[in-house]
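What follows is a set of notes on a single structure, which appears directly below.
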Amino acid sequence: MAQPQMRRAIESGVPDNKQFLHPLLAKNYGNWKYHDRPRPGVLHHVSHSGDEVWTVRAGTQRQMDVHTIRTLCDIADAWAESHVRFTIRSNIEFMVSSSDKVAPLISALEGSGFPVGGTGNSVSMIAHTQGWLHCDIPGTDASGVVKALMDELHEEFRREEMPNRVHLSTSCCEINCGGQADIAIIVQHTKPPKINHDLVANVCERPAVVARCPVAAIRPALVNGKPSLEVDEKKCICCGACYPPCPPMQINDPEHSKLAIWVGGKNSNARAKPTFMKMVAAGLPNNPPRWPEVGEVVTRILRVYKADARGWERMSDWIERIGWPRFFEKTELPFTKYLIDDWRGARANLNASTHIRF
Ligand code: SF4
Ligand code: SF4
């Protein structure tokens, strides 16, 4: 009788994570009784079987060189139990089976420059998009903004003194593969793309670029006898979507690509429904390597939120309670008619309805 064919290995997708779990986590999978937080940065899980696990969370710089990763692995071997995992906000967690191992592990981590924290009502590690290292279209370096900001905010990562948890994110183009957050920093192009007509015919699929524009502002055109493109600048919303399929549509500009701050987004359903964030500051200079103007606005919003919000109010709950006029008064941010409103064209141009798709 013919043997059944062995199923071929699938060489894409993530592997089954259970093979990498700390043995106690694998043993008690789905059988946890409760957990608490003995101190900021430490979680204590108790299983129905009586097993206990302490998890120590440390911040990383996310984009790490091999020497830093080796240091973290050495700490895992010497002070933890050789198992680590990364959280979705790029923190690293070490699991140990005894409370006696927690304090030496924290000393080893902090002694090597990794702050321990990020649990409970703290400022989380900032989620960021790929930036100059991995993506070909950024207008700024999202990871660089994170480094500069966390240098100022890491004490709020190590404590749990915020009214509720505060998620931050940075994104390096307006297409924004990042996501929303309580406070988000997003690049903002303010002028339509300048077209390098000499390159368009060789580099770009013109129909693809025309189709890419969300407001139909791009048309095919002949320029100096060569096939190229033109932009109706009155329609253009400076989104930058034409740049990835056609780099000659130069949207990045040292002067006119700015940064904007959005607040009040959350994905969680806890206590109130999820909310979209709204823009509260625009036109901040894209000023590497420390982005001081952005840091000043973010720390100001955080300071006022920390002082004024009630316990367990997320940024959006706090703003909902005090109202937008009071938000701008308290933070002393200048208000203009371009802020906080939703983009009016969205209704006609985006898939705003669950019933009609186009
Ligand atoms: S936000 Fe934009 S530029 Fe940045 S990594 Fe994502 S797609 Fe690339
Ligand atoms: S920047 Fe956006 S709106 Fe402007 S032409 Fe390009 S795709 Fe269209």
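All values below were derived from every heavy atom in this structure, side-chain atoms included, with hydrogens, water molecules and symmetry-related copies excluded. All residue numbers refer to positions in the sequence shown, counting from 1. Just so you know, ligand 1 is whichever comes first in the structure, and atom 1 is the first atom listed for that ligand. Remember, predicted model here, so these are calculated numbers, not experimental data.
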task = Apply the test salt bridge (charged side-chain N to carboxylate O under 4.0 Å, His left out) to residues Lys191 and Asp253: give CA-CA distance (whole Å), side-chain angles for both, the deciding distance (0.1 Å), then the verdict.
result = CA-CA 8 Å; Lys191 299 276 184 208; Asp253 183 279; over 6 Å; no
request  = Apply salt bridge (charged side-chain N to carboxylate O under 4.0 Å, His left out) to Glu161 and Lys306, showing your working.
outcome  = CA-CA 8 Å; Glu161 293 177 356; Lys306 184 176 177 181; 3.4 Å; yes
key: Per-atom contacts, ligand 1 versus Gln130 - under 4.0 Å to a heavy atom   = 5 (S)
inquiry  = Checking Arg271 against Asp317 for the salt bridge (charged side-chain N to carboxylate O under 4.0 Å, His left out) test, could you report, in this order, the C-alpha distance in whole Å, the side-chain angles of both residues, the deciding distance, and whether it holds?
reply    = CA-CA 9 Å; Arg271 294 176 196 87; Asp317 305 325; over 6 Å; no
remark   = A student comparing Ala217, Cys236, Cys238 should find that the heavy atom closest to atom 4 (Fe) of ligand 2 comes from Cys236
remark   = atom 5 (S) of ligand 2: closest protein heavy atom, distance to 0.1 Å, is Ile218 CG1, 3.6 Å
ask   = With no hydrogens and no angle check, is any side-chain donor or acceptor of Lys235 less than 3.5 Å from a backbone partner on Ala216?
value = yes
key: Atom indices of ligand 2, in the order listed, that fall short of 4.0 Å to a heavy atom of Val215   = 3 (S)
task = Could you find the nearest protein heavy atom to atom 7 (S) of ligand 2 and give me its residue, atom name and distance?
result = Cys242 N, 3.4 Å
request  = If the plane angle is over 60° it's perpendicular, under 30° parallel, otherwise tilted; pick one for His44 and Trp54.
outcome  = parallel
query = Relative to the heavy atoms of Cys239, which atoms of ligand 2 are at a distance of less than 4.0 Å?
reply = 1 (S), 2 (Fe), 3 (S), 7 (S)
ask   = Is the Phe328 ring parallel, tilted or perpendicular to the Phe335 ring (thresholds 30°, 60°)?
value = perpendicular
task = Kindly indicate, with the supporting measurements, whether the criterion side-chain contact (heavy atoms from CB on, under 4.5 Å) is fulfilled by Asp151 and Arg290.
result = CA-CA 10 Å; Asp151 281 351; Arg290 302 299 302 177; 2.8 Å; yes
Protein residue, atom and distance nearest to atom 8 (Fe) of ligand 2, heavy-atom basis = Cys213 SG, 2.3 Å
task = Tell me which protein heavy atom sits closest to atom 3 (S) of ligand 2, plus the residue, atom name and distance to 0.1 Å.
result = Ile237 N, 3.4 Å
ask   = Taking non-hydrogen atoms only, is Cys135 closer than 4.0 angstrom to ligand 1 via side chain, backbone, both or neither?
value = side chain
query = To which protein heavy atom is atom 1 (S) of ligand 2 closest, and what is the distance rounded to 0.1 Å?
reply = Gly240 N, 3.2 Å
